[in-house]
S.K.: 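Before I ask anything, here is the structure I am working with.
All chains are named by letter (A, B, ...) in the order of the sequence lines, taking the proteins before the strands, and each is independently numbered beginning at 1.
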2 protein chains.
Amino acid sequence: MGRIRNFDRDAVLESAVDVFWERGYDGAGMQEICRVTGLNPGSVYAAFGDKHGLFIEALKSYMASMSRETIARLNSNPSGRAGIADYYAALIEAMLDGKRRWGCLVTNSIVEFAMNDPQISEAFQLHLARLETALSGAIERAKQAGELSRDVDAAEAAVFLVCTTQGLNVLAKTRPSRRTLEAITRHAFTAVGFKA
Amino acid sequence: MGRIRNFDRDAVLESAVDVFWERGYDGAGMQEICRVTGLNPGSVYAAFGDKHGLFIEALKSYMASMSRETIARLNSNPSGRAGIADYYAALIEAMLDGKRRWGCLVTNSIVEFAMNDPQISEAFQLHLARLETALSGAIERAKQAGELSRDVDAAEAAVFLVCTTQGLNVLAKTRPSRRTLEAITRHAFTAVGFKA
DNA sequence: TCCATTCTTGAATATGAATTCAAGAAAATT
DNA sequence: AATTTTCTTGAATTCATATTCAAGAATGGA
């Protein structure tokens, strides 16, 4: 059958995600991608076609792992309110200390590509819709539990929270203080209808 | 004295702003910049040094005109509440029809450059601080007028509104509906403490 | 009118990054 | 073990685009 591939495709994608995340699509040179993944150009091109193809796969990998993590956190607690609080608490920590200092790969890419690339554009819409649905679900649970008034429109509130998250993703790049981030999420909570 | 320059520096900057705004820094080719401004490469380089220099000046021109417009709108009405409402109403229109479909040049650039360029980074912080101050002023006026409770923290509320605007700037690129944009600004109003 | 200076022009060049490719190495099948 | 197939390597190439430059044109002063 011939020589077997001796690198792990998923591990390579995870490394590539970091480069695109930190530097952006244009800012990420094949040279650095090769350094970080430990691959040579030839192997990258054989496995992924070209830089654009690598990026699409890296983006999908990022989206999948983020969706998974977000949904898990929102549902980690029977209380919808606590789920949303946990989600934002984790976001803030990552923005202060973790990779979220680089913003969010989806947000960064929406801005960098506008909606010029139909393939990427579709993936964005899907990802944002997924986040929105997960938030909406948590809001509905909060309503059921009496943590929130029955006449809150869950869909609208979810869109608003998605917008807040996008805003945080931008501000994260300006190295904001914990105080600033917490003030923002506190206001978002109020906006949805949760009591302080 | 020699030949006099026969183009208007400010007009050139305004055209350049549009190219950077729509395409981003990397996406804006000198070729297109020359086409749009009507200049030749040589003239651009003589006047602005290089692409980076042109960008910095274009960004400053954008920031100045946006600050001016925003502050004017926020103060266009004696009521702080009405000023903020006008500001968001105008933003929504521009996101549906106008150049804000391309997002905001500041937001786009914050994301594209992260905080790698100190010169640009400083300009960002200043611009965001200006917006924050203007919003905070309107909120204070609303408090004075009894449109808002005295114990609203104007500084925190202003930071929150800046975040919302950044989020809108991102979502604008996904071609959102009027309903979506209005739902978001309605929630932001609530979050600050205005009655529906 | 002529000169000195500065601007304009657009083709030529330089630069940097993506991509290819030919040779070598490893695995599996016979 | 030989053979075939596929992967790996990294230097060479291609390609795109920022930048330069030499020649021409317009202005103000002498």
S.K.: In whole angstrom, give the distance that lies between atom CD1 of B:Ile33 and atom C1' of D:dT19.
M.R.: 13 Å
S.K.: Quick check with a 6.0 Å cut-off and a 45 degree axis cone: is A:Lys51 positioned over the face of A:Tyr25's six-membered ring?
M.R.: yes
S.K.: Using heavy-atom distances to pick each residue's nearest nucleotide on DNA chain D, tell me which of B:Arg3 and B:Pro41 is more 5'.
M.R.: B:Pro41
S.K.: Find which nucleotide of DNA chain C each of B:Ala46 and A:Ser43 is nearest to by heavy atoms, and output the residue with the more 5' nucleotide.
M.R.: B:Ala46
S.K.: Hey, where on DNA chain C does chain B first and last touch, going 5' to 3'? Cut-off is any atom under 4.0 Å from a heavy atom.
M.R.: C:dT5 to C:dG10
S.K.: Please report, rounded to the nearest Å, how far the P atom of D:dC7 is from the CG atom of A:Leu39.
M.R.: 12 Å
S.K.: Does B:Ala47 reach a base, just sugar-phosphate, or nothing at all? Heavy atoms under 4.0 Å.
M.R.: nothing
S.K.: Counting just side-chain N and O atoms, does B:Tyr45 come under 4.0 Å of either OP1 or OP2 of D:dT20?
M.R.: no
S.K.: What is the distance, to the nearest angstrom, from the CG atom on B:Asn40 to the C1' atom on D:dT19?
M.R.: 14 Å
S.K.: Please, which pairs that meet side-chain hydrogen bond (donor to acceptor under 3.5 Å, both in side chains) have at least one residue in residues 109-120 of chain A, sequence neighbours excluded?
M.R.: A:His52-A:Asp117
S.K.: Which atom pairs, donor and acceptor, lie under 3.5 Å between side-chain atoms of residues 61-68 of chain A and protein residues at least two apart or in another chain?
M.R.:
unit_1	atom_1	unit_2	atom_2	d
A:Tyr62	OH	A:Leu105	N	3.2
A:Ser65	OG	A:Tyr62	O	3.3
A:Ser67	OG	A:Met63	O	3.1

S.K.: In this structure, how many angstroms lie between the C1' atom of D:dA16 and the CE atom of A:Met30, rounded?
M.R.: 17 Å
S.K.: Salt bridge check: are B:Arg73 and B:Glu69 linked by an N-O gap of less than 4.0 Å?
M.R.: yes
S.K.: Could you tell me the separation between the CG atom of B:Leu54 and the C1' atom of D:dT17, rounded to a whole number of Å?
M.R.: 15 Å
S.K.: Scan A:Gly29 against the nucleic acid and name what it touches under 4.0 Å (heavy atoms): base, sugar-phosphate only, or nothing.
M.R.: sugar-phosphate
S.K.: Under a 4.0 Å N-O cut-off, is there an ion pair linking B:Glu93 with B:Arg100?
M.R.: no
S.K.: Please check if any side-chain donor atom of A:Ser79 sits under 3.5 Å from a side-chain acceptor atom of A:Asn77, or the reverse.
M.R.: no
